Amino acid sequence: MPRDLPLPDTITDRGLRVALIFALAGERLNQFLEHGRWLTDAQGATLAADWLRRGRRTLERAEREHLSALSDRLARQVADSVSREAALYIAHEMAEALDPNYVSDIARSLMAECERLLDADAAAGA
């Protein structure tokens, strides 16, 4: 069972989307490493809905699936660019970083990549 995604009351809409991409990418990577299969965008959207509901937030299904697709891109990029052992470490760091008190340079750089993905996607759609 994935760790809950903490959603502070003060999170912006953009911050919410970045956090979802990050959390979903970490979960996708973990699932792939453990089970050898990638989550579908629909599975990611459902997981996002569960996290959002527990934080009393919502996003339309289409938006959740879109963010899920972006997280898939990041997770596959990580898996394709490092060894299995490194990917396991990265997935662990991403899971630990869901605790706001956990400090990780790896997680910080991946969060920045999530922001870049979201911004590039928005620019491409504009």
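A quick note: this is a predicted structure, and the numbers were derived from the prediction, not measured. Along the sequence shown, residues are numbered consecutively beginning with 1. Hydrogens, waters and symmetry mates play no part in the numbers below; they use all other heavy atoms, side chains included.
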Answer whether the closest heavy-atom distance between the side chains of I21 and E113 falls below 4.5 Å.
no
Take atom OH in Y102; do more than 12 heavy atoms of anything else shown fall under 6.0 Å from it?
yes
Heavy-atom donor-acceptor pair, R17 side chain to D13 backbone, under 3.5 Å:
yes
Do you know the tightest heavy-atom contact between L33 and A91?
CD1-CB, 4.3 Å
With the 4.5 Å side-chain cut-off for hydrophobic clustering, are L98 and L39 part of the same group?
no
Would you say that more than 12 heavy atoms from the other residues, nucleotides or ligands in this model lie under 6.0 Å from the CD of E60, or not?
no
Run Y89 and I106 through side chain to side chain contact (heavy atoms under 4.5 Å, CB included) and show every step you take.
CA-CA 10 Å; Y89 180 74; I106 291 171; 3.2 Å; yes
Before giving the answer on side chain to side chain contact (heavy atoms under 4.5 Å, CB included), spell out for T46 and Q43 the whole-Å C-alpha distance, their side-chain angles and the decisive distance to 0.1 Å.
CA-CA 5 Å; T46 299; Q43 288 170 319; 5.7 Å; no
Min side-chain heavy-atom separation T58-L52 under 4.5 Å:
no
To the nearest 0.5 Å, what is the distance between CG on N101 and CD on E96?
11.5 Å
Less than 4.0 Å between a side-chain N and a carboxylate O, is that true for R116 and D119?
no
Check this for me, if you would: do D41 and R28 make a salt bridge, where the nitrogen-to-carboxylate-oxygen distance has to be below 4.0 angstrom?
yes
Compare every heavy atom of G44 with every heavy atom of L24, then report the nearest pair and how far apart it is.
CD2-O, 3.4 Å
Please examine the side chains of L67 and R64, heavy atoms only from C-beta on, and report whether any two atoms are closer than 4.5 Å.
no
Nearest-0.5 Å distance, CG of residue L16 to CD of residue E63
9.0 Å
CG-OG distance between D72 and S68, expressed to the nearest 0.5 angstrom
7.0 Å
F22 to A107 - nearest heavy-atom pair and separation
CE1-O, 3.6 Å
Taking every non-hydrogen atom, the tightest pair across A25 and S71
N-CB, 3.5 Å
Considering only heavy atoms from C-beta outward, does the side chain of H66 approach that of D121 to under 4.5 Å?
yes
Would you find a donor on one side and an acceptor on the other, under 3.5 Å apart, between the side chain of R108 and the backbone of V103?
no
With heavy-atom distances below 4.5 Å as the criterion, would you say the side chains of E115 and R14 are in contact?
yes
